[in-house]
Amino acid sequence: MTPTAFTPWSALAGGALIGLAAVLLLAASGRIAGISGMAARLLPPYREADIAGRLAFVVGLVVAPLVYTAATGRPVAQTVGSAPLLMVLAGLLVGFGSVWGNGCTSGHGVCGLARLSPRSLVATLTFMATAVATVFVTRHLIGG
Amino acid sequence: MGIVLQLLAGLLFGIGLVVSGMADPAKVMNFLDLAGTWDPSLAFVMAGAVAVTMGGYRLVLSRPRPFFAPAFDLPGKTALDARIVIGPAVFGIGWGLAGFCPGPALTSLGLAAPGTLMFVPAMIAGMAVARWLSMRNV
C-alpha cells in the first residue's frame with residue numbers, strides 16, 4: 001500500500017482544534033461532540049429538542065473543507081476508495097455500528113475518553129481492535 | 001447566538017479534521033495498518049484532541065450551566081452491556097474497510113469524491129436502521 005508521511009505536528013494541531021470545537025460545543029449547548037449521535041438525531045423520529053443546533057453543527061462540519069481552501073488557498077488532499085460495493089458496505093457498518101454503540105471516534109474516542117468514561121474506553125479499544133484486524137485481513141491476508 | 005456557536009464548533013471540528021489528516025482515508029488506513037505502511041500520525045490527533053477536551057471540559061463543567069441551554073446534557077449510561085461491544089466492533093470493521101468514520105465522511109461530502117458519495121448515504125441508512133431498532137426495543 002502507498003505510504004503516507006508521518007505528520008506529528010499538524011496531527012497535534014488538528015487534534016487540538018477538534019478538542020477546542022468539543023469544548024466550545026459543550027460551553028454553548030451543554031452537549032458532547034459526538035458526530036454519529038448528532039447526525040442520527042437529524043433523522044426521524046424527532047424526539048430531542050434543539051434539532052436546529054445539531055443541524056448547525058453538521059452544516060459547519062460539511063462546509064469546513066471549503067472554508068479551509070478558501071482561506072488558505074490549499075486544496076484538501078484525499079484518497080478515497082471507489083469500489084461501490086465496498087464503500088456501501090463500509091458505510092452501512094459504520095452507520096449502524098456507531099449508533100448501536102452510542103458513539104464513534106468523536107463521542108467515545110475523544111469526548112468519552114476525556115471524561116474518563118469506562119464505556120467509552122471499552123468502545124474505543126473495541127473499534128480500534130476490529131479496525132486494525134480488518135485492515136490486516138484485507139491488506140495482508142486477502143489483498144497482499 | 002447559541003446556534004451560531006454550534007455552527008462555529010462544527011466548522012472548527014471539520015477544519016481540525018482537515019488539518020490533522022483525519023479527513024484523508026489513506027492516512028487513516030495507514031494508521032490502522034500496523035503490519036504494513038504504518039503512519040502513527042493519528043495517535044497524535046487523538047492525544048491532542050483528548051488533552052484539550054479534558055482540560056476544557058473541566059473548566060466548562062465548573063460552571064453551573066452552559067451559555068445557551070438550561071442544563072448540561074451528558075451521556076448518563078455507565079453499564080457495560082453487549083451493545084457497547086457489538087456496536088463499536090461493527091463500526092470498526094466498516095472503519096477499517098473504507099477509512100471513514102462519521103465525522104470525516106460528512107466533512108468530505110463537499111469534496112464530492114465518488115467513494116464519499118456512495119459511503120455517506122449508506123452510512124445514514126445504517127444509522128436509521130440502528131435508531132429504528134433501538135427505539136423499537138425500548
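Order of the sequence lines sets the chain letters (A, B, ...), proteins ahead of strands, with each chain counted from 1.
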Query raised in the report: What do the steps show when you test Leu92(A) against Met123(B) for side chain to side chain contact (heavy atoms under 4.5 Å, CB included), and what is the final call?
Result: CA-CA 5 Å; Leu92(A) 285 171; Met123(B) 176 179 89; over 6 Å; no

**Report entry** Among Val99(A), Thr130(A), Thr126(A), Thr105(A), the one residue meeting side chain to side chain contact (heavy atoms under 4.5 Å, CB included) with Phe91(B)
**Finding:** Thr105(A)

Query raised in the report: Side chain, backbone, both or neither: which part of Phe136(A) has an atom under 4.5 Å from a heavy atom of chain B?
Result: side chain

Query - Portion of Thr78(B) that has a non-hydrogen atom of chain A nearer than 4.5 angstrom - result: backbone

Query raised in the report: Nearest 0.5 Å, what's the CZ-OG distance between Phe72(B) and Ser29(A)?
Result: 9.5 Å

Query - Arg58(B), CZ atom: more than 12 neighbouring heavy atoms under 6.0 Å - result: no

Query raised in the report: Can you hop from Leu32(B) to Leu34(B) via hydrophobic side chains spaced under 4.5 Å?
Result: yes

Report summary line: In terms of heavy-atom pairs under 4.5 Å with chain A, the winner among Arg131(B), Arg65(B), Met54(B) is Arg131(B)

Report summary line: Okay, Pro45(A) and chain B: the region with an atom under 4.5 Å from a heavy atom over there is both

Query raised in the report: Between CG of Asp24(B) and OG1 of Thr79(A), what distance do you get to the nearest 0.5 Å?
Result: 5.0 Å

Query raised in the report: Which atom pair, heavy atoms only, marks the closest approach of Pro65(A) to Leu111(B)?
Result: CB-CD2, 4.0 Å

Requested in this report: Can you see which heavy atom on Met87(A) is nearest to which on Gly115(B), and at what distance?
Outcome: CE-O, 3.5 Å

Query - Top contributor to chain A interface from Pro66(B), Gly14(B), Ala82(B), Ala47(B) [non-hydrogen pairs under 4.5 Å] - result: Pro66(B)

**Report entry** Donor-acceptor pair, side chain of Arg31(A) and main chain of Asp73(B), under 3.5 angstrom
**Finding:** no

Query raised in the report: Hey, are the side chains of Val63(A) and Leu11(B) touching, using non-hydrogen atoms and a 4.5 Å cut-off?
Result: yes

Report task. Please state whether the side chain, the backbone, both or neither of Ala5(A) comes within less than 4.5 Å of a heavy atom of chain B. Result -> backbone

Report summary line: For Thr53(B) and Gly19(A), the nearest pair of non-hydrogen atoms, with its separation, is OG1-CA, 3.3 Å

Query raised in the report: Rounded to the nearest 0.5 Å, how far apart are CG of Leu61(A) and CG of Leu109(B)?
Result: 9.0 Å

Report task. Measure the CD1-CG distance between Ile93(B) and Leu93(A) for me, rounded to the nearest 0.5 Å. Result -> 6.5 Å

**Report entry** Engaged part of Leu42(A) at the chain B interface, taking heavy atoms whose separation is under 4.5 Å
**Finding:** neither

Report task. Select one option (side chain, backbone, both, neither) describing which atoms of Val88(A) are under 4.5 Å from chain B's heavy atoms. Result -> both

Query raised in the report: In terms of heavy-atom proximity below 4.5 Å to chain A, should Ala35(B) be classed as side chain, backbone, both, or neither?
Result: both

Report task. Answer yes if Val122(A) and Leu116(A) sit in the same cluster of Ile, Leu, Val, Met, Phe, Trp and Tyr residues linked by side chain heavy atoms under 4.5 Å apart, and no otherwise. Result -> no

Query raised in the report: Looking at CG of Leu25(A) and CG of Leu5(B), how far apart are the two atoms once the value is rounded to the nearest 0.5 Å?
Result: 9.5 Å

**Report entry** Worked verdict on Asn30(B) versus Thr2(A) for side chain to side chain contact (heavy atoms under 4.5 Å, CB included)
**Finding:** CA-CA 8 Å; Asn30(B) 278 342; Thr2(A) 319; 5.7 Å; no

Requested in this report: With a 4.5 angstrom heavy-atom cut-off, could you sort out which part of Arg41(A) is near chain B: side chain, backbone, both or neither?
Outcome: both

Query raised in the report: What part of Ser117(A) is in contact with chain B, defined as an atom under 4.5 angstrom from a non-hydrogen atom: side chain, backbone, both or neither?
Result: neither

Report summary line: Answer key: most heavy-atom pairs under 4.5 Å with chain A among Gly110(B), Pro70(B), Cys101(B) is Cys101(B)

Requested in this report: Let me see the working for Leu97(B) and Leu86(A) under side chain to side chain contact (heavy atoms under 4.5 Å, CB included), right down to the final yes or no.
Outcome: CA-CA 7 Å; Leu97(B) 284 178; Leu86(A) 182 85; 3.9 Å; yes

Query raised in the report: Taking the side chain as C-beta and beyond, is there a heavy-atom pair between Phe13(B) and Ile35(A) under 4.5 Å?
Result: yes

Query raised in the report: What are the two closest heavy atoms between Val135(A) and Met29(B), and how far apart are they?
Result: CG1-O, 4.0 Å

Query - Sole residue of Val18(B), Val45(B), Ile15(B), Leu17(B) in side chain to side chain contact (heavy atoms under 4.5 Å, CB included) with Leu17(A) - result: Ile15(B)

**Report entry** Largest heavy-atom contact set with chain A, pairs under 4.5 Å, which of Leu117(B), Val85(B), Val28(B)
**Finding:** Val85(B)

Query raised in the report: Are Val129(B) and Val90(B) connected, step by step, through hydrophobic side chains (Ile, Leu, Val, Met, Phe, Trp, Tyr) whose heavy atoms are closer than 4.5 Å?
Result: yes

**Report entry** Shortest non-hydrogen separation from Ser41(B) to Ala11(A) and the atoms involved
**Finding:** O-CB, 3.3 Å

Query raised in the report: Under a 4.5 Å heavy-atom cut-off, does chain B meet the side chain of Ala77(A), its backbone, both or neither?
Result: backbone

Query raised in the report: Between Ser108(B), Gly99(B), Ala125(B), which has the largest tally of heavy atom pairs under 4.5 Å with chain A?
Result: Ser108(B)

Report task. Take Trp95(B) and Ser98(A), measure what side chain to side chain contact (heavy atoms under 4.5 Å, CB included) needs, and give me the verdict at the end. Result -> CA-CA 10 Å; Trp95(B) 193 32; Ser98(A) 58; over 6 Å; no

Query raised in the report: Given side chains that start at C-beta, do those of Leu43(A) and Trp132(B) come closer than 4.5 Å, heavy atoms only?
Result: no

Query raised in the report: Considering only heavy atoms, which portion of Ala79(B) lies under 4.5 Å from any heavy atom of chain A: side chain, backbone, both, or neither?
Result: backbone

Requested in this report: Is it possible for you to say whether Val94(A) and Ile84(B) belong to one hydrophobic cluster, with membership spreading through side-chain heavy-atom contacts below 4.5 Å?
Outcome: no

Query raised in the report: Can you name the one residue among Val23(A), Leu20(A), Ile18(A) that meets side chain to side chain contact (heavy atoms under 4.5 Å, CB included) with Leu12(B)?
Result: Leu20(A)

Query raised in the report: So, do Asp33(B) and His140(A) sit near enough that their side-chain heavy atoms are less than 4.5 Å apart?
Result: yes

Query raised in the report: Measuring heavy-atom distances to chain A, does Ile3(B) have an atom under 4.5 Å in its side chain, in its backbone, in both, or in neither?
Result: both

Query raised in the report: Out of curiosity, Met118(B) CE to Leu89(A) CG, how far, rounded to the nearest 0.5 Å?
Result: 13.5 Å

Query - chain A contact via Pro75(B) - which portion, at a heavy-atom distance below 4.5 Å - result: both

Query - ILVMFWY network linking Ile51(A) to Met38(A), side-chain heavy atoms under 4.5 angstrom - result: yes

Report summary line: Tightest non-hydrogen contact, residues Arg119(A) and Lys77(B), listed as CD-O, 3.3 Å

Query - Atom group of Val19(B) that falls short of 4.5 Å from chain A, counting heavy atoms - result: both

Report summary line: Among Phe67(B), Trp38(B), Tyr57(B), the residue with the most heavy-atom pairs under 4.5 Å to chain A is Tyr57(B)

Query raised in the report: With a 4.5 angstrom heavy-atom cut-off, which part of Leu8(B) approaches chain A: side chain, backbone, both or neither?
Result: both

Query raised in the report: Between Ser10(A), Ala83(A), Gly37(A), which residue shows the highest count of heavy-atom pairs closer than 4.5 Å to chain B?
Result: Ser10(A)

Query raised in the report: Using non-hydrogen atoms only, which part of Leu26(A) is less than 4.5 Å away from chain B: side chain, backbone, both, or neither?
Result: both

